[in-house]
Protein chains: 2
Amino acid sequence: MVVDELSDESVDRLFHALADATRRSILRRCVRGELSVSRLAEDYPMSFAAVQKHVAVLERAGLVTKQRRGREQLVRTDAEAIARARQVLDELEATWRGRVDRMARLLAQDPEPDDKTPKEG
Amino acid sequence: MVVDELSDESVDRLFHALADATRRSILRRCVRGELSVSRLAEDYPMSFAAVQKHVAVLERAGLVTKQRRGREQLVRTDAEAIARARQVLDELEATWRGRVDRMARLLAQDPEPDDKTPKEG
DNA sequence: TTAACGTACAACCAAATGGTTGTAGATGAG
DNA sequence: CTCATCTACAACCATTTGGTTGTACGTTAA
C-alpha cells in the first residue's frame with residue numbers, strides 16, 4: 001500500500017496535467033488500451049507535435065508511461081497515478097468530515113477531545 | 001442527487017485551481033472554518049492581492065464561496081465541489097477496472113496470437 | 001469627521017502554456 | 001539500399017498565469 005506523502009510539485013504536475021480536456025481524453029483512451037502517439041494524434045484538431053507535448057505533460061505527471069514497439073511509442077495510462085490524485089481529494093474531504101464531526105460534538109455540547117488539527121501554512 | 005455531466009471547461013477550472021500548492025493550502029484551511037481573505041493572506045509569502053487572485057481562481061472553479069461579514073469577506077470551501085473533482089477520477093478508474101475485467105475474460109477464453117502482455121505495473 | 005482596515009481592481013511584468021513549423025534520427029517496408 | 005513512417009526536439013509566437021504596485025471604495029473605530 002502506497003501511503004507516501006506526495007510533494008507539492010508532484011501534486012502540481014498531477015492536477016495541471018488533468019486540467020486540459022485533450023489530455024483527459026488521451027488518458028481515457030489509453031486506459032482502454034495502449035495507443036501510439038501518432039494514432040492518438042489522428043483524432044485531435046491539432047498537430048502531431050502538439051499531441052506529443054500533451055503526452056509529455058502526462059508522462060511528467062506520471063499519469064502515462066510509454067513503451068517502444070518498433071518505431072512506435074505506445075502510451076498507456078497508469079491507474080495508480082489517478083488513484084494518487086484521488087487520494088489528495090480524499091484527504092481534503094476527510095478534513096471536511098472531521099470538521100462536521102467537531103460541529104456535531106459542539107452542538108451536542110460535548111467537550112472537544114484533543115485538537116490535533118495540523119496547522120496549515 | 002446531482003450527477004450532472006460536467007462541462008470540459010468546468011473540469012478544466014476545477015483541476016487548474018487544484019494545481020497550485022497555495023490554493024490547495026487555502027482550500028484545506030477553509031474546510032476547517034471560514035477565514036477572511038486578509039487573514040488568509042497573512043500566512044503566505046506574497047502580497048494580499050496575490051492571495052486575492054488565488055481565492056478568485058478557487059471561486060471561479062466553484063471550490064470556495066465568499067460571504068460578507070462587515071468589511072470582511074469570509075472564504076469557505078465547498079466540499080461538494082471536491083467531490084465533483086473526485087468523481088471525474090472515479091470514472092477514469094472505473095474504465096480501467098472495466099478493461100481489466102475484459103482482459104481477464106479474454107485470457108480465460110481465447111489467448112491472442114499477438115503478444116500483448118496485459119501485465120500492470 | 002477622520003483614520004485605519006478589508007476589499008476590489010487596474011496596469012504592468014516575467015515566466016509558463018499551448019499551439020505552430022521545420023529539421024533530424026530511428027525503424028520497418030519494398 | 002531507398003523511402004515512407006514514427007518520433008524527438010528546437011525555435012518561434014500569442015495568450016495565460018502568477019506575481020507586483022498603486023488607487024479607489026465601503027465599513028468600522030476613535
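Values below: all heavy atoms of this structure, side chains included; hydrogens, waters and symmetry mates excluded. Numbered from 1 within each chain, the chains take letters A, B, ... in sequence-line order.
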dG18(C) P sits how many Å from Ile26(A) CD1, rounded? 12 Å
Between dG19(C) (C1') and Met46(A) (CE): distance, integer Å: 8 Å
Expressed as a whole number of angstroms, how long is the span from Glu34(B):CD to dT7(C):P? 13 Å
By nearest heavy atom, map His16(A) and Ala49(B) onto DNA chain C; which one lands nearer the 5' end? Ala49(B)
Lys66(A) side-chain N/O to dA8(D) phosphate OP1/OP2 under 4.0 Å: yes
Rounded off to whole Å, could you give me the CZ-to-P distance for the Arg60(A) and dA8(D) pair? 13 Å
Could you check how far CG of Leu58(B) sits from C1' of dT17(D), rounded to whole Å? 14 Å
Are the side chains of Glu34(A) and Val75(A) in touch, meaning some heavy atoms are under 4.5 Å apart? no
Atom CD of Glu59(A) to atom P of dA8(D): distance rounded to whole Å? 8 Å
Can you check the Glu42(B) CD to dT7(C) P distance for me, whole Å? 10 Å
Arg24(A) (side chain) donor-acceptor with Asp8(B) (main chain) under 3.5 angstrom: yes
May I ask you to evaluate whether Ser47(B) reaches the phosphate of dT20(D), defined as a side-chain N or O under 4.0 Å from OP1 or OP2? yes
Nearest-nucleotide 5' precedence on DNA chain D, Lys53(A) against Gln73(A): Gln73(A)
Presence of Arg71(B) side-chain N/O under 4.0 Å of dC25(D) phosphate oxygens OP1/OP2: no
Is Thr22(A) near enough to dG18(C) that one of its side-chain N or O atoms lies under 4.0 angstrom from OP1 or OP2? no
Can you tell me if Gln52(A) touches the phosphate of dT7(D), counting only side-chain N or O atoms and a distance under 4.0 Å to OP1 or OP2? no
Below the 4.0 Å mark, does dT17(C) have OP1 or OP2 next to a side-chain nitrogen or oxygen of His54(A)? no
Less than 4.5 Å apart, any side-chain heavy atom of Leu35(B) and any of Arg76(B)? no
Base, sugar-phosphate or nothing for Arg23(B)? Non-hydrogen atoms, less than 4.0 Å. sugar-phosphate
Do side-chain atoms of Thr77(B) reach the backbone of Leu27(B) as a donor and acceptor pair under 3.5 angstrom? yes
Other residues, nucleotides and ligands only: do more than 12 of their heavy atoms fall within 6.0 Å of CD on Glu42(A)? yes
Heavy-atom nearest nucleotide on DNA chain C taken for Asp20(A) and for Arg68(B); more 5' hit belongs to Arg68(B)
Whole angstroms only, please: what is the CZ-C1' distance between Phe48(B) and dC25(D)? 13 Å
Taking OP1 and OP2 of dT7(D), is either one under 4.0 Å from a side-chain nitrogen or oxygen of Ser38(A)? yes
